[in-house]
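First comes the structure, then the notes that go with it.
Positions are given from 1 along the sequence.
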Amino acid sequence: MDLYAGLPFWIIKNALYDYNNPLENDYEIDVAIIGSGITGTLVAHELCEHGIKCAIFDKRIVSNGSTVASTAQLQYEIDVPLHEMIKDIGEARAVGAYRASLRSITDIEQVFEKTGVKGDFKRVSTCYLASDQAGWSSIKDEYEARVKHDLPVRLLNRKALKKEYGIAGLGALYNDTSAQMDTYKSATGILKYHQKKHQLPIFSPVQIDHYHEVKNGYELVTNNGFKIRCKYVIIAAGFEAGQFLPKQVMNLNSTYALVSKPIHTGQFWKERSLIWETAEPYFYMRTTADNRIMMGGEDEEFRDPDKRDRLLKGKVKKLVKKFNKLYSDIAIDVNMAWCGTFSSTADGLPFIGSWPGKKRMLYALGYGGNGITFSMIAAQVIRNIILGKKDDRTDIFGFGRLTNDGDL
């Protein structure tokens, strides 16, 4: 299935990584990573940096799946607000999830520092808008929860929001700990770094048709009949991980995004913050290194790619209308637009680690709006599992939170 349609900005902006290396023989490696997007890339980074022999396998062109459709906003906020998550899963786990997300932004920044990759990573602030009276009530509850647990936040009332952002609204939350990046440039840059430094093998395109457990590992079988023997297999294939999961644990959604033509730098809002809102589905926007405005939202339940794609034109109009409601004085021309499919979970958290009873198949499933920050967490947790080190984050993000029926 096509993961996206339209013209995702990152593959137009960047030179394509022309890489073709199909598997032509049986192969053996300590760790096989399925997926070469930003999640598989970060997993490979952590393993390579700790001397763990691994190889990446992808049925598509390298980093050419959901990664190119991401708007790449890195926030410690999770789709489910902290004050609601505390009610749903308990204070300790909810706060732990938020703190882990906050830390992961710095950890991603350190990956760029370590590798020297120029992935357009930039620290920016976030403005979280109340969409209506219910949203303002939620904003105030969220502010109290974050202050209580010493998470970075500042409350903007109606007057402060208008003064600082020029937005006529009820209020917002502000923090200066977020970031943004270019996912495709980042993923391919990090992969090239490890190909050169650690001789990281990448096989693409390679379709895994089926697999079976063997003593001390797994055997993966490609559509061409080649066998891949490994001690561990890591599933970093997003919602396409379904063939490797005993039960579907995610919901599929369609999302829509666009990027404008460049505008004058003097037209941007305060600090070029990431801006999003309390409404569901929420609208969000950011800027790019070449002075464009990127925005997205209008999510809805995914049914099939044809229906998703037919809605693109109308969704783009709605996104522009929402932007104009915030900033009527900024004239924008849509340069390109796209739509894609992503996964979410009922509790807003990703799935990381092993399915009960399957210790050598590990999942790095960064489901939700904060997929990249979750991917960084997954890479570290999986590294620690393989090294035999305890990681308390497995209790927060692992499959142990499922009931016996496989539900949350």
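The side-chain heavy atoms of L47 and V31, taken from C-beta on, include a pair separated by under 4.5 Å. Side-chain contact check for Y284 versus Q73: some heavy-atom pair is nearer than 4.5 Å. Considering only heavy atoms from C-beta on, Y256 comes within 4.5 Å of L312 through its side chain. Side-chain contact between T345 and P350 is absent, with no heavy atoms from C-beta onward closer than 4.5 Å. Annotation: side chain of L23 is not in contact with side chain of N224 (no heavy-atom distance under 4.5 Å). Looking at L173 and E142, their side chains come closer than 4.5 Å, going by heavy atoms from C-beta outward.
In the displayed structure, K192 atom NZ is contacted under 6.0 Å by more than 12 heavy atoms of other residues, nucleotides or ligands. Applying the 6.0 Å contact sphere to CG of N20 captures more than 12 heavy atoms from other residues, nucleotides or ligands. More than 12 heavy atoms of other shown residues, nucleotides or ligands fall within 6.0 angstrom of atom NE2 in H212. Sparse packing is recorded around NZ of K318, with 12 or fewer heavy atoms of other residues, nucleotides or ligands lying under 6.0 Å away. Within a 6.0 Å sphere centred on CG of L245, heavy atoms belonging to other residues, nucleotides or ligands number more than 12. Counting heavy-atom neighbours within 6.0 Å of Q199 CD, excluding the residue itself, gives a total above 12.
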Query raised in the report: Which is it for E240 and K59 under the salt bridge (charged side-chain N to carboxylate O under 4.0 Å, His left out) test, yes or no, and what are the steps along the way?
Result: CA-CA 11 Å; E240 290 192 308; K59 68 180 182 180; 3.3 Å; yes

Report task. Any chance you could lay out the salt bridge (charged side-chain N to carboxylate O under 4.0 Å, His left out) test for D30 and K231, step after step, and finish with the verdict? Result -> CA-CA 5 Å; D30 287 352; K231 297 176 183 176; 3.6 Å; yes

Report task. Check the pair S344 / N253 against side chain to side chain donor-acceptor pair (under 3.5 Å), numbers first and verdict last. Result -> CA-CA 7 Å; S344 63; N253 300 281; 2.9 Å; yes

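Side-chain atoms of S131 never come within 3.5 Å of backbone atoms of G135 as a donor-acceptor pair (strictly under, hydrogens ignored). Not a single donor-acceptor pair under 3.5 Å links the side chain of S178 to the backbone N or O of S125. Using a distance-only test at 3.5 Å, with no hydrogens or angles considered, no donor-acceptor pair links the side chain of R393 to the main chain of A378. Side-chain atoms of Q180 never come within 3.5 Å of backbone atoms of T288 as a donor-acceptor pair (strictly under, hydrogens ignored). Judged by distance alone, the side chain of S70 and the main-chain N or O of T67 form no donor-acceptor pair under 3.5 Å.
Under a 4.0 Å N-O distance rule, the pair R123/E271 does not qualify as a salt bridge. Salt-bridge check for K322 with E298: passed, with a basic side-chain N closer than 4.0 Å to an acidic carboxylate O. A salt bridge is absent between R60 and D58: the closest approach of a Lys/Arg side-chain nitrogen to an acidic carboxylate oxygen does not fall below 4.0 angstrom. A salt bridge does not link D120 to K118: none of the charged side-chain nitrogens sits closer than 4.0 Å to a carboxylate oxygen. The pair E144-K140 does not meet the salt-bridge criterion, since no charged nitrogen lies less than 4.0 angstrom from a carboxylate oxygen. The existence of a salt bridge linking E46 and R383 is confirmed by a sub-4.0 Å separation between a basic side-chain nitrogen and an acidic carboxylate oxygen. Salt bridge R103/D107: present, at least one basic N to carboxylate O contact under 4.0 Å. With respect to the salt-bridge test (charged N to carboxylate O, under 4.0 angstrom), the residues D395 and R93 do not qualify.
Side-chain atoms of S254 and E300 include no donor-acceptor pair closer than 3.5 Å. For the 3.5 Å distance criterion, the side chains of Y19 and T188 fail to qualify, holding no donor opposite an acceptor. In summary, the side chains of N175 and E77 do present a donor paired with an acceptor at a separation below 3.5 Å, with no hydrogens or angles considered. In the model, T255 has a side-chain atom that pairs as donor or acceptor with a side-chain atom of D299 under 3.5 Å.
The CZ atom of F226 sits 14.0 Å away from atom OH of Y27, with the distance rounded to the nearest 0.5 Å. Rounded to the nearest 0.5 Å, atoms CZ (R229) and CD1 (I29) are 13.5 Å apart. One distance of note links CD1 of I377 with CG of L349; it measures 9.0 Å at 0.5 Å rounding.
For F397 and F351, the gap between ring centers reaches or exceeds 6.0 Å. For Y327 and W269, the gap between ring centers is short of 6.0 Å. The six-membered or imidazole ring of Y211 lies near that of F244, with a centre-to-centre distance under 6.0 Å. Two rings, from F112 and F121, have their centers less than 6.0 Å apart.
Between L319 and the options N324, V334, L258, a side-chain contact (heavy atoms from CB on, under 4.5 Å) holds for only L258. Each of R360, K358, K359 was evaluated against E213; a single residue qualifies, K358, per the salt bridge (charged side-chain N to carboxylate O under 4.0 Å, His left out) test. Here the options are T373, V124, L102, L274, the test is side-chain contact (heavy atoms from CB on, under 4.5 Å), and the partner is Q75; only L274 passes. Of the residues listed (T126, L82, T177), the one engaging Y76 in a side-chain contact (heavy atoms from CB on, under 4.5 Å) is T177, and it is the only one.
A pairwise comparison of heavy atoms in E164 and L156 identifies OE2-CD2, 3.8 Å as the closest pair. Taking each heavy atom of V233 and Y218 in turn, the nearest pair found is CG1-CD1, 3.9 Å. Across every non-hydrogen atom of A241 and L365, the tightest pair is CB-CD2, 3.7 Å. Heavy atoms only, all atoms of each residue included: I208 and Q243 are closest at O-NE2, 3.2 Å. Contact detail for P356 and F399: the closest heavy-atom pair is CD-CB, 3.9 Å. Closest approach of Y128 to P81, counting heavy atoms only: OH-CG, 4.2 Å.
Listed by chain and residue number, nothing satisfies the ring-ring contact (aromatic ring centres under 6.0 Å, His included) test with Y193 (two or more places apart in sequence, or in another chain). Residues passing the salt bridge (charged side-chain N to carboxylate O under 4.0 Å, His left out) test with R292, sequence neighbours excluded: D290. The salt bridge (charged side-chain N to carboxylate O under 4.0 Å, His left out) test applied to K148 returns E91, not counting sequence neighbours.
Judged by the 6.0 Å and 45° rule, R154 forms no cation-pi pair with Y143. Judged by a 6.0 Å distance limit and a 45° cone about the ring axis, K13 is not positioned over the six-membered ring of Y184. Cation-pi geometry between R272 and F268 is satisfied (NZ or CZ under 6.0 Å from the ring centre, within 45° of the ring normal).
Using bins of under 30°, 30° to 60° and over 60° for the plane-to-plane angle, the ring pair F203/F57 lands in the parallel bin.
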